[in-house]
Undergrad: 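One structure, pasted below without further comment.
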Amino acid sequence: MADAVPALIWQNDADGRSVFVNRSFRDYTGLTDAEASGERWQSLVHPDEAEAYSADYFRAVRDRTDWHGRNRMRRRDGVWCTFDHYASPLFGVDGAYLGHVGVSVDVTDRRR
């Protein structure tokens, strides 16, 4: 189902490392599952925004809270586009924190 959604869907583990990206994410970024795994997702964030963006996201991971961020992200052709990212913490049936699941939406045209 996640592969049919025309938005970028992703899941990170309890340490903020990528464990899943959907087909839209792979198509948009040009990355394979392996290339998007772990902490490699951070390479997609514009260098001018990477430090603040990552700190904000990892604060939500640490606090296990909902999160919203906006940044420029590199498209497969190298163009920087603006994205809104929304994520919520994911908990197992035993209450253990499993990470965050999120969606990223290209808002470049809307912002223009």
Side-chain angles (χ1 to χ4, degrees):
M1 183 168 62
D3 280 337
V5 175
L8 284 58
I9 296 177
W10 46 272
Q11 180 181 349
N12 289 351
D13 67 14
D15 294 318
R17 293 182 304 248
S18 177
V19 295
F20 170 80
V21 294
N22 72 342
R23 180 180 19 210
S24 293
F25 188 103
R26 293 187 307 271
D27 289 348
Y28 187 88
T29 63
L31 300 178
T32 65
D33 281 329
E35 291 169 335
S37 68
E39 295 179 3
R40 295 182 184 123
W41 62 265
Q42 295 178 42
S43 69
L44 297 170
V45 178
H46 194 282
D48 293 346
E49 302 162 348
E51 187 176 336
Y53 175 86
S54 293
D56 189 52
Y57 174 71
F58 283 110
R59 187 173 14 268
V61 169
R62 182 192 67 232
D63 297 344
R64 299 175 182 172
T65 57
D66 289 336
W67 174 77
H68 169 255
R70 176 176 281 172
N71 75 299
R72 289 173 288 172
M73 195 166 89
R74 190 177 58 247
R75 198 168 57 195
R76 73 181 310 133
D77 61 2
V79 172
W80 295 101
C81 296
T82 303
F83 272 78
D84 275 346
H85 310 277
Y86 302 91
S88 294
L90 181 64
F91 297 95
V93 293
D94 62 354
Y97 172 63
L98 303 175
H100 272 69
V101 61
V103 61
S104 299
V105 180
D106 187 340
V107 295
T108 306
D109 290 339
R110 190 176 337 154
R111 290 199 63 211
R112 284 187 193 142

Undergrad: Between Arg76 and Tyr28, does the side chain to side chain contact (heavy atoms under 4.5 Å, CB included) criterion hold? Intermediate values first, please.
TA: CA-CA 6 Å; Arg76 73 181 310 133; Tyr28 187 88; over 6 Å; no

Undergrad: Would you find a donor on one side and an acceptor on the other, under 3.5 Å apart, between the side chain of Ser88 and the backbone of Trp67?
TA: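 Between the backbone of Trp67 and the side chain of Ser88 there is no qualifying donor-acceptor contact (under 3.5 Å).
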
Undergrad: Of the non-hydrogen atoms in Val61 and His100, which two are nearest, and what is the gap between them?
TA: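 Minimum heavy-atom contact is CA-CE1, 3.8 Å.
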
Undergrad: Please find the pair of heavy atoms, one from Phe83 and one from Leu8, that lie closest to each other, and give the distance.
TA: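 In this case the closest contact between Phe83 and Leu8 is CE2-CD2, 3.9 Å.
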
Undergrad: Mind checking whether Pro47 and Trp80 have side chains closer than 4.5 Å, heavy atoms only?
TA: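 Result yes, sub-4.5 Å side-chain heavy-atom pair found.
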
Undergrad: First locate atom CZ of Arg74, then atom NE2 of His46, and finally report the distance between them rounded to the nearest 0.5 Å.
TA: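 Arg74 atom CZ to His46 atom NE2 measures 10.0 Å (nearest 0.5 Å).
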
Undergrad: Assigning hydrophobic clusters by single linkage (Ile, Leu, Val, Met, Phe, Trp, Tyr; side-chain heavy-atom cutoff under 4.5 Å), is Leu98 placed with Phe91?
TA: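 Each belongs to a different hydrophobic cluster.
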
Undergrad: When you look at Phe20 and Val101, which way does the side chain to side chain contact (heavy atoms under 4.5 Å, CB included) test go after all the steps?
TA: CA-CA 9 Å; Phe20 170 80; Val101 61; over 6 Å; no

Undergrad: So, the side chain of Gln11 versus the backbone of Ser18: is there a donor-acceptor pair under 3.5 Å, distance only?
TA: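 Judged by distance alone, no pair lies under 3.5 Å.
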
Undergrad: With distance as the sole criterion, is a donor-acceptor pair present between the side chains of Trp10 and Ser104 under 3.5 Å?
TA: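 Distance-only check passes for Trp10 and Ser104.
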
Undergrad: Could you give the distance from OG1 (Thr108) to CG (Asp84), rounded to the nearest 0.5 Å?
TA: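 These two atoms lie 9.5 Å from each other.
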
Undergrad: For the residue pair Ala2 and Asn22, what are the closest heavy atoms and their distance?
TA: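 Heavy atoms of Ala2 and Asn22 come nearest at O-ND2, 2.8 Å.
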
Undergrad: Apply side chain to side chain contact (heavy atoms under 4.5 Å, CB included) to the pair Leu44 and Leu31, showing each step before the final yes or no.
TA: CA-CA 10 Å; Leu44 297 170; Leu31 300 178; 3.9 Å; yes

Undergrad: Tell me the salt bridge (charged side-chain N to carboxylate O under 4.0 Å, His left out) pairs involving residues 17-28, sequence neighbours left out?
TA: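 Pairs touching residues 17-28 that pass the test: Asp3-Arg26, Asp13-Arg17, Asp15-Arg17, Arg26-Asp33.
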
Undergrad: Would you list the pairs meeting salt bridge (charged side-chain N to carboxylate O under 4.0 Å, His left out) in which at least one residue belongs to residues 88-102, sequence neighbours left out?
TA: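 Not a single pair qualifies under salt bridge (charged side-chain N to carboxylate O under 4.0 Å, His left out).
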
Undergrad: Enter the distance from Thr29:OG1 to Glu35:CD here, rounded to the nearest 0.5 Å.
TA: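 Result: 8.0 Å between the selected atoms.
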
Undergrad: If you compare all heavy atoms of Gly16 against all heavy atoms of Phe58, which two are closest, and at what distance to 0.1 Å?
TA: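 That closest heavy-atom pairing would be CA-CE2, 3.7 Å.
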
Undergrad: Would you say Leu90 and Tyr97 make side-chain contact, with heavy atoms under 4.5 Å?
TA: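 No, side chains not in contact.
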
Undergrad: Which residue pairs satisfy the salt bridge (charged side-chain N to carboxylate O under 4.0 Å, His left out) criterion with at least one member in residues 58-68, sequence neighbours excluded?
TA: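 Non-adjacent pairs meeting salt bridge (charged side-chain N to carboxylate O under 4.0 Å, His left out): Asp56-Arg59.
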
Undergrad: Specify the closest pair of heavy atoms between Val79 and Asp77, including all atoms of both residues, with the distance to one decimal.
TA: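 Between these two residues, the closest heavy atoms are N-OD1, 3.1 Å.
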
Undergrad: Restricting to non-hydrogen atoms, name the atom on Asp106 and the atom on Cys81 that form the minimum distance, rounded to 0.1 Å.
TA: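 Of all heavy-atom pairs spanning Asp106 and Cys81, the closest is OD2-CB, 3.9 Å.
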
Undergrad: Would you call the rings of His85 and Tyr53 parallel, tilted or perpendicular, taking 30° and 60° as the class edges?
TA: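 Rings of His85 and Tyr53: perpendicular, over 60°.
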
